[in-house]
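Per chain, numbering begins at 1; letters A, B, ... match sequence-line order. Note that the structure is predicted; figures quoted are calculated from it, not measured.
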Amino acid sequence: MENSKRRFLKGTCALLAGASGATLLATVSASNEAKADPSVKYALIHDETKCIGCKACEVACRETNHVPEGVARLKIEQTGPYGEYPNQFYHFSRKSCQHCEDAPCVNVCPTGAAFIDKETGIVSVDAWKCVGCQYCIAACPYKIRFINPVTHAADKCDFCRETNLAQGKQPACVAACPTKALVFGNLKDPTSQVVQVLKANPTQRAKVDLGTRPKLFRIVAKSGEVAI
Amino acid sequence: MSTRQWLWSLRLGAMALLLSFSATSAEPAKQINSDACMKCHKRNGQMLGHHGQDAMKMTCSSCHGEKGDHPKKPNDLVVFGLNEASETSVQLQVCHKCHMPAKLSSQEWTHNVHAQKVACAACHKLHSPTDPMAEITPKVRSELCRNCHTGQQE
Ligand code: SF4
Ligand code: SF4
Ligand code: SF4
């Protein structure tokens with residue numbers, strides 16, 4: 001505890017000292033690199049009509065992001081069976097961070113460990129800043145945050161920001177899905193697949209009335225019959 | 001070493017070998033493996049799995065049907081599996097003689113969605129000592145789904 005507090009203080013001091021330099025640097029790199037585009041806002045769609053409940057997404061997330069057993073960044077929740085034998089079916093819905101634009105977890109975090117990445121809109125956790133107070137866990141209306149037993153910091157889906165995304169790849173769950181039920185992309189790019197799918201399908205988001213503006217969309221299955 | 005001694009040790013060795021063989025591969029001693037079919041199907045017919053237990057009193061024909069014209073083709077033998085196998089409905093009929101859908105459903109939800117559409121042997125293997133579906137890991141399981149569910153219908 002002492003140690004991490006010290007690291008935290010040190011980090012803050014360094015940050016303050018570097019702040020003025022950093023703003024300068026930021027403007028320089030922004031003008032240099034057209035790539036550092038702040039007009040990226042990532043979102044994810046779970047097409048429940050295509051989901052077969054294979055949970056390849058769960059497995060891939062655990063592997064890629066080194067999520068220990070007993071906790072999970074992503075769960076596929078199953079309800080059913082519906083209908084009569086031999087034509088029964090199930091519904092699958094994805095439970096994971098909604099990447100709220102107005103994120104209660106970020107608003108309550110006292111240390112700034114929970115934050116929204118301005119470049120991408122990804123709600124993320126700076127594990128080294130987290131003191132484990134669990135305010136965020138209490139505040140998240142979607143109940144998807146947890147304390148990682150290895151890092152002792154709050155943890156959750158970060159769209160693979162530190163793993164696959166950093167390597168220019170699709171998030172692990174998206175890449176693993178055999179039926180392409182998961183679509184990930186930039187909401188601000190009108191040509192992105194995510195925008196195309198959103199335009200073409202009626203979608204829902206969870207608990208929008210709370211004003212959290214979540215960015216996890218679902219295409220709700222009507223009949224439940226899954227095509228191979 | 002005298003010839004006699006040498007012979008003795010050879011005999012002992014051979015016996016030990018035989019004993020260890022019968023101990024480690026106790027399975028082929030199952031009744032079903034002395035079935036007449038084994039005269040030809042020694043290699044591909046060995047029944048090492050659960051269904052070969054003597055107490056179940058099963059024979060090859062319990063599942064595969066009577067020999068009929070076999071090995072001439074066509075014949076009425078039931079061939080289990082995904083490829084080059086009998087019609088799914090024919091395969092299912094055999095398994096359903098003992099395995100009731102309601103019971104299967106209570107043990108594993110995927111039975112329900114594949115009912116009457118996919119043959120049991122598409123996933124289960126009966127001849128091997130253990131069914132690969134027993135104690136399957138989540139990873140292998142999801143990979144198995146991927147074999148058929150490839151999302152290529154779009
Ligand atoms: S779903 Fe929960 S953890 Fe994710 S951004 Fe919203 S409040 Fe934060
Ligand atoms: S986007 Fe990455 S972190 Fe989030 S659930 Fe998928 S694999 Fe896990
Ligand atoms: S990998 Fe795709 S199909 Fe499988 S459970 Fe996850 S979202 Fe559903």
Requested in this report: Could you walk me through whether B/Ser89 and B/Glu87 pass side-chain hydrogen bond (donor to acceptor under 3.5 Å, both in side chains), step by step?
Outcome: CA-CA 5 Å; B/Ser89 59; B/Glu87 289 280 323; 4.7 Å; no

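- Counting heavy-atom pairs closer than 4.5 Å to chain B, the top residue among A/Ala176, A/Cys57, A/Cys177, A/Ala181 is A/Ala176.
- Within the model, atoms OG of A/Ser124 and NZ of A/Lys156 stand 6.0 Å from one another, a figure rounded to the nearest 0.5 Å.
- With hydrogens and angles left out, the side-chain atoms of A/Asp155 and A/Asn148 include a donor and acceptor closer than 3.5 Å.
- At a 4.5 Å heavy-atom cutoff, B/Arg141 makes no contact with chain A through either its backbone or its side chain.
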Requested in this report: Please test B/Met133 against B/Lys125 for side chain to side chain contact (heavy atoms under 4.5 Å, CB included), starting from the C-alpha separation and ending with a verdict.
Outcome: CA-CA 8 Å; B/Met133 293 306 102; B/Lys125 301 276 168 289; over 6 Å; no

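- Contact of A/Glu58 with chain B is not made at all, since no heavy-atom distance falls under 4.5 Å.
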